[in-house]
**Student:** 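Below you will find the structure I want to go over with you.
All values reported here derive from a predicted model rather than from experimental measurement.
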Amino acid sequence: MLSSQSAAVVRATLPVVGAAIDDITPVFYRRMFTAHPELLRDLFNRGNQADGTQARALAGSIAAFAGMLVDNPGRRPDAMLARIAHKHASLGITADQYTIVQRHLFAAIAEVLGDAVTPEVAAAWDEVYWLMAGALIALEARLYAEAGVADGDVWSQWKVVGRLEETPDVATFMLRPADRSPSPPFKPGQYVSVRCTLPDGANQIRQYSLSCAPNGTDRWISVKRVDGTGGAPDGEVSNRLHANVKEGDVLTVSAPFGDTVLDDGESPVLLASAGIGSTQTISMLAHLAATGSSRRVIVVHADVSESTHPFRTELGLLVDKLSDAEAHIWYERPENPRPSRYTGLADLTGIDVPEGTRAHLCGPVPFMSSVREQLLGRGVPASRIHYEVFGPDLWLASTT
């Protein structure tokens, strides 16, 4: 809990800091990467740095945390903290790196706000930072312990034992521990990080949902090749994996993490995905089918067309294996005759969403935002709507 003295200062200065935080974060990253170029080369996503999404996500999370401390001092934004902690654990973040961030973040605040940053203001915001950092460090330590690894030691070598071309732009890589040790367990909906060495020597990291059931010996990741649009560069890692990785190669992969997981209850479940977001849906469906679940399952998927829809055949087979499941698929530009109801954007009108439904969303933020709004309008509580987004989570603060 924030001290009363600091709470008063933060409350008074939050509008000023909030208004300037989009100016502060670029300065922060510039300072930090100048002092520690290895962080940009081997940890942070260079594409997200180039387009500014990482800076906006950081700004949103700090502002949301500070606002929570002063407006709701009796509780923490645990959903936001858990989301960040899982992402950090998948990258192997360690406690000492928080000191690096603090040093350069506060230097950036002082540079942008100048004389407005009095010792009293600096102390209050330092308290905010370390409350957030301390909570994350504790959560991440717990995640490392649960994974059975030392703090930050999440990486191991995995051999590619198969490759499937799901669509022209999506490839599935079947992985097995290179040392033949048992595959670590995971929960349906979790992801792993892949660390990829690029031609310039950088080790860039990306997260990919596991697209298989947890009970198998292999772990599958399905990667969509990212083609840059609107002046954005092509995805460095996805294109590297598509062009260069084949059966027999070895990848550096993290332990599984992610807090958007399928629960073990019996309540109805709605799985909504778009595009490559179907990886999470497929993993959850595979688990439900493998365990003979009798839960009510509603699958919602949106895609451009039949040929761009990854796991289209598998989705139908898995739904057919379940005793009480149905699938609703929309294509924006269908290649075959299709009912008008299922042409265009996903629309949940007419779909029965039973009371007590728990929803899992994965896909582009506009799709998930639309589905979330429709579910809220149908009476599904926000606490029962979960989502997964890869890359900087620009949606996080607004849904906390």
**Student:** Which residues satisfy the salt bridge (Lys or Arg N to Asp or Glu O under 4.0 Å) test with D42, sequence neighbours excluded?
**Tutor:** none

**Student:** Mind running side-chain contact (heavy atoms from CB on, under 4.5 Å) on V253 and L175 for me, showing each step along the way?
**Tutor:** CA-CA 9 Å; V253 181; L175 309 175; 4.1 Å; yes

**Student:** Between R163 and V245 (side chain of the first, backbone of the second, donor and acceptor by atom type, cut-off under 3.5 Å), is there such a pair?
**Tutor:** yes

**Student:** Using the test side-chain contact (heavy atoms from CB on, under 4.5 Å), find all partners of V261 that sit at least two apart in sequence or belong to another chain.
**Tutor:** K187, Q190

**Student:** Give, for atom CD of E314 and atom CG of L285, the distance between the pair rounded to the nearest 0.5 Å.
**Tutor:** 11.0 Å

**Student:** Quick one: which residue pairs count as a salt bridge (charged side-chain N to carboxylate O under 4.0 Å, His left out) with a foot in residues 240-258, not counting sequence neighbours?
**Tutor:** K246-D249

**Student:** Show the nearest heavy-atom pair for residues P268 and P354, with the distance to one decimal.
**Tutor:** CG-CB, 3.9 Å

**Student:** Look only at the side chain of Q207 and the backbone of K87, and say whether a donor-acceptor pair between them is shorter than 3.5 Å.
**Tutor:** no

**Student:** Let me see the working for E127 and S3 under side chain to side chain donor-acceptor pair (under 3.5 Å), right down to the final yes or no.
**Tutor:** CA-CA 8 Å; E127 188 176 341; S3 66; 3.1 Å; yes

**Student:** Measure the spacing between CZ of R296 and CG of D352 and express it to the nearest 0.5 Å.
**Tutor:** 6.0 Å

**Student:** Going by heavy atoms in the side chains, are Y208 and F173 under 4.5 Å from each other?
**Tutor:** no

**Student:** Identify the two heavy atoms, one from M368 and one from G363, that lie closest to each other, and give their separation to 0.1 Å.
**Tutor:** CE-O, 3.3 Å

**Student:** Quick one, L136 with I93, criterion side-chain contact (heavy atoms from CB on, under 4.5 Å). Give me CA distance, side-chain angles, the key distance, then yes/no.
**Tutor:** CA-CA 10 Å; L136 289 171; I93 298 295; over 6 Å; no

**Student:** Is it possible for you to say whether V365 and V300 belong to one hydrophobic cluster, with membership spreading through side-chain heavy-atom contacts below 4.5 Å?
**Tutor:** yes

**Student:** Would you sort out whether T13 and W125 count as a side-chain contact (heavy atoms from CB on, under 4.5 Å), showing the intermediate values?
**Tutor:** CA-CA 9 Å; T13 56; W125 280 93; 2.9 Å; yes

**Student:** Would a 4.5 Å heavy-atom cut-off, applied to side chains only, mark D227 and N239 as touching?
**Tutor:** yes

**Student:** How many angstroms lie between NE2 in H360 and NE2 in H386, if you round to the nearest 0.5 Å?
**Tutor:** 5.0 Å

**Student:** Counting distance only, does the side-chain N/O of R333 pair as donor-acceptor with the main-chain N or O of V304 below 3.5 Å?
**Tutor:** no

**Student:** For H287, does its backbone N or O pair with a side-chain atom of N215 as donor and acceptor, under 3.5 Å?
**Tutor:** no

**Student:** Can you pull out every side-chain hydrogen bond (donor to acceptor under 3.5 Å, both in side chains) where at least one residue sits in residues 166-176? Sequence neighbours excluded, please.
**Tutor:** E166-T172, D169-R225, T172-S222, R176-D218

**Student:** For L270, which of I385, T357, V299 qualifies under side chain to side chain contact (heavy atoms under 4.5 Å, CB included)?
**Tutor:** T357

**Student:** So which atom in Q204 and which in L40 form the shortest heavy-atom distance, rounded to 0.1 Å?
**Tutor:** NE2-O, 3.2 Å

**Student:** Would a single hydrophobic cluster contain both L91 and I100, if residues Ile, Leu, Val, Met, Phe, Trp and Tyr are joined by side-chain heavy-atom contacts under 4.5 Å?
**Tutor:** yes

**Student:** Output the distance between atom CZ (F65) and atom CG (L81), rounded to the nearest 0.5 Å.
**Tutor:** 5.5 Å

**Student:** Judged by modelled atom types alone, do E373 and S369 share a side-chain donor-acceptor pair under 3.5 Å?
**Tutor:** no

**Student:** Is a side-chain N or O of R378 found less than 3.5 angstrom from the main chain of L348, in a donor-acceptor match?
**Tutor:** yes

**Student:** Of all the heavy-atom pairs spanning V27 and A108, show the shortest one and how long it is.
**Tutor:** CG1-CB, 3.7 Å

**Student:** Please list all pairs meeting ring-ring contact (aromatic ring centres under 6.0 Å, His included) that have one or both residues in residues 1-52, counting only residues at least two apart or in different chains.
**Tutor:** Y29-F33, Y29-F44, F33-F44, H36-H104

**Student:** Any sub-3.5 Å donor-acceptor pair from T308's side-chain atoms to S305's backbone N or O?
**Tutor:** yes

**Student:** Could you tell me if the side chain of I109 sits less than 4.5 Å from the side chain of V121, heavy atoms only?
**Tutor:** no

**Student:** Please determine if R195 forms a cation-pi arrangement with W155, meaning its NZ or CZ atom is less than 6.0 Å from the six-membered ring centre and no more than 45° off the ring axis.
**Tutor:** yes

**Student:** What pairs of residues pass the salt bridge (charged side-chain N to carboxylate O under 4.0 Å, His left out) test when at least one of them lies in residues 149-159, not counting sequence neighbours?
**Tutor:** none

**Student:** Using a strict cut-off of less than 4.0 Å between a Lys/Arg side-chain nitrogen and an Asp/Glu carboxylate oxygen, indicate whether D263 and R295 qualify as a salt bridge.
**Tutor:** yes

**Student:** Would you say L14 and V112 are hydrophobically clustered, going by side-chain heavy atoms of ILVMFWY under 4.5 Å?
**Tutor:** yes

**Student:** V319 versus V297: any side-chain heavy-atom pair under 4.5 Å?
**Tutor:** no

**Student:** W130 versus T99: any side-chain heavy-atom pair under 4.5 Å?
**Tutor:** yes

**Student:** For S307 and E335, test the side chains for any donor-to-acceptor distance below 3.5 angstrom and give the result as yes or no.
**Tutor:** yes

**Student:** Using side-chain contact (heavy atoms from CB on, under 4.5 Å), reason through L318 and F311 one step at a time and then give a plain yes or no.
**Tutor:** CA-CA 10 Å; L318 289 169; F311 318 112; over 6 Å; no

**Student:** The criterion is salt bridge (Lys or Arg N to Asp or Glu O under 4.0 Å); which residues satisfy it with E111, sequence neighbours excluded?
**Tutor:** R30, R31

**Student:** Provide the full list of side-chain hydrogen bond (donor to acceptor under 3.5 Å, both in side chains) pairs with a residue in residues 138-148, sequence neighbours left out, each pair given once.
**Tutor:** H88-E140, Y98-E140

**Student:** Only counting residues at least two apart or in another chain, list the ones meeting side-chain contact (heavy atoms from CB on, under 4.5 Å) with D179.
**Tutor:** P177, S181

**Student:** Of all heavy-atom pairs between S254 and V192, which one has the smallest distance, and what is that distance?
**Tutor:** O-CG1, 3.6 Å

**Student:** So how far is it from Q97 CD to L39 CG, rounded to the nearest 0.5 Å?
**Tutor:** 6.5 Å

**Student:** Among pairs that include at least one residue of residues 3-24, which meet salt bridge (charged side-chain N to carboxylate O under 4.0 Å, His left out), considering only residues two or more places apart or in two chains?
**Tutor:** none

**Student:** Ignoring hydrogens and geometry, is there a side-chain-to-backbone donor-acceptor pair from T343 to P339 under 3.5 Å?
**Tutor:** yes

**Student:** Can you confirm whether more than 12 heavy atoms, excluding those of E355, are under 6.0 Å from its CD atom?
**Tutor:** no

**Student:** I'd like to know if the side chain of S193 and the backbone of S90 have a donor-acceptor N/O pair within less than 3.5 Å.
**Tutor:** yes

**Student:** Using the test salt bridge (Lys or Arg N to Asp or Glu O under 4.0 Å), find all partners of D259 that sit at least two apart in sequence or belong to another chain.
**Tutor:** R83

**Student:** Between the side chain of H301 and the main-chain N/O of S273, is any donor-acceptor distance below 3.5 Å?
**Tutor:** yes

**Student:** Can you tell me how far apart NE2 (H309) and CD1 (I329) are? Round to the nearest 0.5 Å.
**Tutor:** 5.0 Å

**Student:** Any side-chain heavy-atom pair from M132 and S61 closer than 4.5 angstrom?
**Tutor:** yes

**Student:** Looking only at atom types and distance, does a side-chain atom of S283 sit under 3.5 Å from a main-chain N or O of P188, one as donor and one as acceptor?
**Tutor:** no

**Student:** Report the residues that fulfil side-chain contact (heavy atoms from CB on, under 4.5 Å) with T349, sequence neighbours left out, ordered by chain and then residue number.
**Tutor:** D347

